[in-house]
Amino acid sequence: MSLSPLLDVRDLKVHLRLGPNVVKAIDGVDFRIMPGECVGIVGESGSGKSTMARAITRLMPNVNIAELSGELSFEGQDILAMPDGALRALRRGRGFSMIFQDPLGYLNPTQRVGRQIEEALSCDSSRGSNRNRVHTLLDEVGLPDPANVARRYPHELSGGMRQRVMIAIALASDPQLLFADEPTTALDATVQLQVLQTLYRLHKERNMAMAIITHDLGVVAELCDRVYVMRAGKVIESAETVRLFEHPQQDYSRRLIELSTRRLPRELQA
Amino acid sequence: MSEPILRLNGVEQIYRSRNANGPGWNQVRAVDGVDLDIREGETLAIVGESGSGKSTLAKLLLLLNRPTTGEVQFRGTSLSALASADYQAFRRQVQAVFQDPASSLNPRMTVERMLGYIVQRHALATPGETRQFLAGHLAAVGLNPPESYLERYPHQLSGGQQQRIAIARAMMLRPAIIIADEPLSSLDVSVQAQVLQLMRDLHKTTNVGFVVISHDLGAMESIADRTAVMYRGRIVEIGRSIYERPYHPYTKLLLDARLSLDPRRSRIRSMSAAPSRSDSSAPAQGGCRFRPRCAYAVEICATQAPALKPVDQAGTMAACHRAEEIGALRARSAEPTVPSPLEV
Ligand SMILES: Nc1ncnc2c1ncn2[C@@H]1O[C@H](COP(=O)(O)OP(=O)(O)OP(=O)(O)O)[C@@H](O)[C@H]1O
Ligand SMILES: Nc1ncnc2c1ncn2[C@@H]1O[C@H](COP(=O)(O)OP(=O)(O)OP(=O)(O)O)[C@@H](O)[C@H]1O
Ligand code: SF4
Ligand SMILES: [Mg+2]
Ligand SMILES: [Mg+2]
């Protein structure tokens with residue numbers, strides 16, 4: 001029996017208008033996530049990773065699109081053709097959610113963060129009161145003193161605390177697919193480990209599929225079943241994680257692995 | 001020895017925010033008594049707990065925050081007493097790269113206008129040569145071809161491209177010191193290597209110093225002359241070789257939490273236990289603030305706060321009652337000896 005993909009992207013093109021020019025931010029990408037799978041997306045800065053995530057979740061404010069084409073389906077539904085209302089429902093109720101690379105740009109500066117998490121909660125009253133659920137989420141992403149943090153505004157938090165609030169918001173809707181764009185860059189190593197543990201636990205317990213965009217190959221090695229390597233708007237390699245680390249096919253992939261390895265103490269190298 | 005370029009003397013920063021329910025204020029002691037000398041031309045890394053006050057420290061050094069108590073000095077003069085001429089010198093010589101690149105770039109200006117304005121104000125190049133000057137600096141941070149980035153607005157750049165514009169902006173002024181808060185976090189390792197090399201080159205040619213705040217311990221090990229480790233508003237360890245020989249249990253915990261690059265030995269996937277929790281208790285009264293998480297705590301740790309004091313001949317300082325013992329542990333075996341954070 002072969003399962004059908006949760007997310008199926010075929011020949012996706014996202015070309016953006018830039019004055020008289022066009023930037024081919026995504027230029028023919030195939031990408032697939034099975035239910036309950038965890039995939040990593042690595043690659044050059046500027047290779048189109050965030051653009052792809054935004055196109056898939058259809059959250060593209062502020063862009064001037066020259067071309068958007070290809071097939072994008074989530075659970076067999078065509079996302080590109082979906083009306084906004086249906087899409088919003090998909091984001092809120094057990095569909096997909098997104099952790100953005102730039103939390104400050106997506107958090108509401110005038111609203112306390114606890115309230116923002118509460119608004120994202122899935123409607124599942126069996127899980128206790130909203131306040132308790134907010135506090136549990138904050139605790140799970142490693143924020144000490146949840147009651148206190150919930151009352152603060154985004155600007156009253158450190159960079160890593162904001163990043164964790166963003167993660168809590170994304171998890172609040174209990175998604176089937178979590179798209180995470182550099183979710184742990186602002187976290188110290190011990191908090192990062194704790195957050196990755198939480199993501200992994202939810203991934204297993206709730207069969208939550210994950211796509212993690214990261215520059216940190218350690219995150220990929222720890223969590224991901226499969227990896228896509230991107231360069232200049234294209235996927236240049238995709239493979240199971242162990243295979244990519246042990247037998248990279250492309251020079252660029254090899255270079256990423258080698259440079260990452262060189263910086264680690266011997267006991268942590270592959 | 002030469003005078004430090006920047007110095008923090010007993011600095012504290014308390015943030016106040018309005019209480020959500022009812023009147024009154026909430027206080028956050030973000031920086032809680034820090035003394036620090038930053039020497040001319042050195043690269044000082046600041047690592048540590050998320051929320052421990054690193055960005056706040058950067059803002060204090062940049063004169064963006066005024067300390068609640070204590071003072072910040074620039075070349076021996078207290079920042080609160082800087083005459084306006086010295087203030088101009090300070091603004092030029094001390095440059096910043098902020099943690100959120102997107103919010104530190106003016107959204108309504110193209111890269112060329114934003115940077116061109118600085119070039120003109122500081123007469124770094126003639127108007128005719130400005131474009132070429134900027135192109136050179138963008139190429140140096142790996143933005144190729146540079147011309148195609150000059151015409152963009154910040155939102156038309158990827159996260160890592162914004163970060164590199166911020167780095168180029170700080171570097172082109174040839175400052176005496178650059179205070180960079182997470183400058184590498186959105187860069188792939190290949191561009192990171194290029195930026196780290198650029199920092200070394202710039203240091204060689206202009207003796208610029210850096211204060212780099214980062215969670216990337218590998219990158220900091222490769223570039224730092226000294227590293228300070230922060231925990232809950234304080235420096236708990238500072239020295240040249242903390243990566244090979246940590247003296248403070250928190251430093252060890254951090255180093256041991258680094259991820260391996262071997263997918264066959266994934267810690268997280270092989271883990272069955274519930275996730276470890278960071279400590280959410282209120283700061284301990286009197287005792288060591290790391291005690292609730294410390295695998296080495298003894299009786300005295302509950303009652304006496306350890307002071308930051310020298311622990312070896314190399315000038316390392318650590319704030320732990322058992323620092324010498326812990327440093328000796330690591331020296332004897334290369335194997336991690338601390339229980340992993342998953343077990344603590
Ligand atoms: N609104 C926009 N208009 C025009 N070009 C854009 C826009 N947003 C991004 N780009 C360009 O599209 C390309 C892909 O950007 P994207 O943000 O997807 O990269 P990324 O892989 O996420 O990079 P990073 O790792 O640096 O975050 C980049 O070259 C970028 O400059
Ligand atoms: N404007 C503010 N008002 C109130 N509290 C603040 C403010 N800015 C920071 N804080 C608090 O001060 C503490 C230190 O914050 P800071 O941003 O300096 O941490 P950091 O070490 O840079 O953390 P990170 O690594 O997560 O960026 C945190 O508890 C934060 O919530
Ligand atoms: S002083 Fe005691 S509690 Fe604090 S870090 Fe050292 S051993 Fe641990
Ligand atoms: Mg990105
Ligand atoms: Mg910070």
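Below, chains carry the letters A, B, ... as their sequence lines are ordered, and counting in each starts from 1. No hydrogens, no waters, no symmetry mates; every other heavy atom, side chains included, goes into these values.
Highest contact tally toward chain B, considering only A:L16, A:L223, A:T241, is held by A:L223 [criterion: heavy-atom pairs under 4.5 Å]. Between chain B and the residues A:S158, A:A189, A:G160, the most heavy-atom pairs under 4.5 angstrom are made by A:A189. Between chain A and the options B:D181, B:L187, B:V191, the largest number of non-hydrogen pairs under 4.5 Å is found for B:L187. Ranked by heavy-atom pairs under 4.5 Å with chain B, the list A:Q163, A:E182, A:H215, A:H203 is led by A:H215. For the set A:D102, A:L187, A:L217, the count of heavy-atom pairs under 4.5 angstrom toward chain B peaks at A:L187. Among the candidates A:L196, A:L18, A:L259, the residue making the largest number of heavy-atom pairs closer than 4.5 Å to chain B is A:L18. If you tally non-hydrogen atom pairs under 4.5 Å between each of B:S190, B:A30, B:S148, B:G218 and chain A, the highest count goes to B:S190. Top candidate by heavy-atom pairs under 4.5 Å with chain A, chosen from B:G51, B:S186, B:P101, is B:S186. Heavy-atom pairs under 4.5 Å with chain A peak, among B:S185, B:S103, B:A193, B:S55, at B:S185.
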Could you walk me through whether A:M161 and A:R164 pass side chain to side chain contact (heavy atoms under 4.5 Å, CB included), step by step?
CA-CA 5 Å; A:M161 294 163 92; A:R164 283 175 274 172; 3.7 Å; yes

Please step through side chain to side chain contact (heavy atoms under 4.5 Å, CB included) for the pair A:L256 and A:V42, ending with a clear verdict.
CA-CA 9 Å; A:L256 280 188; A:V42 303; 4.1 Å; yes

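Both the backbone and the side chain of A:S260 have a heavy atom closer than 4.5 Å to some heavy atom of chain B. Using a 4.5 Å cut-off between heavy atoms, B:V47 makes no contact with chain A at all. Using a 4.5 Å cut-off between heavy atoms, A:A25 does not touch chain B at all. Neither the backbone nor the side chain of A:N64 comes within contact range of chain B, judged by heavy atoms closer than 4.5 Å. Neither the backbone nor the side chain of A:Y153 comes within less than 4.5 Å of any heavy atom in chain B. Heavy atoms of A:Q101 lying under 4.5 Å from chain B belong exclusively to its side chain. Both the backbone and the side chain of A:S45 come within contact range of chain B, each with at least one heavy atom under 4.5 Å from a heavy atom of that chain. In this structure, chain B has a heavy atom under 4.5 Å from the side chain of A:L104, while its backbone stays farther away. Looking at B:Q162, neither its backbone nor its side chain comes within 4.5 Å of chain A, counting heavy atoms on both sides. Only the side chain of A:V23 comes within less than 4.5 Å of a heavy atom of chain B; its backbone N, CA, C and O stay farther away.
No side-chain donor-acceptor contact under 3.5 Å links B:Q13 and B:T56. For the residue pair A:T190 and A:D188, a side-chain donor N or O sits within less than 3.5 Å of a side-chain acceptor on the partner.
Of the possible polar contacts, one joining the B:Y250 side chain to the B:E49 backbone as a donor-acceptor pair under 3.5 Å is found. Remark: the backbone N or O of A:A186 is paired with a side-chain donor or acceptor of B:H215 at under 3.5 angstrom. Remark: side-chain polar atoms of A:E118 are not paired, donor with acceptor, to backbone N or O of A:N130 under 3.5 angstrom. Not a single donor-acceptor pair under 3.5 Å links the side chain of A:R231 to the backbone N or O of A:S47.
We find that A:E258 and A:R255 are not joined by a salt bridge, their nearest charged nitrogen and carboxylate oxygen being 4.0 Å or further apart.
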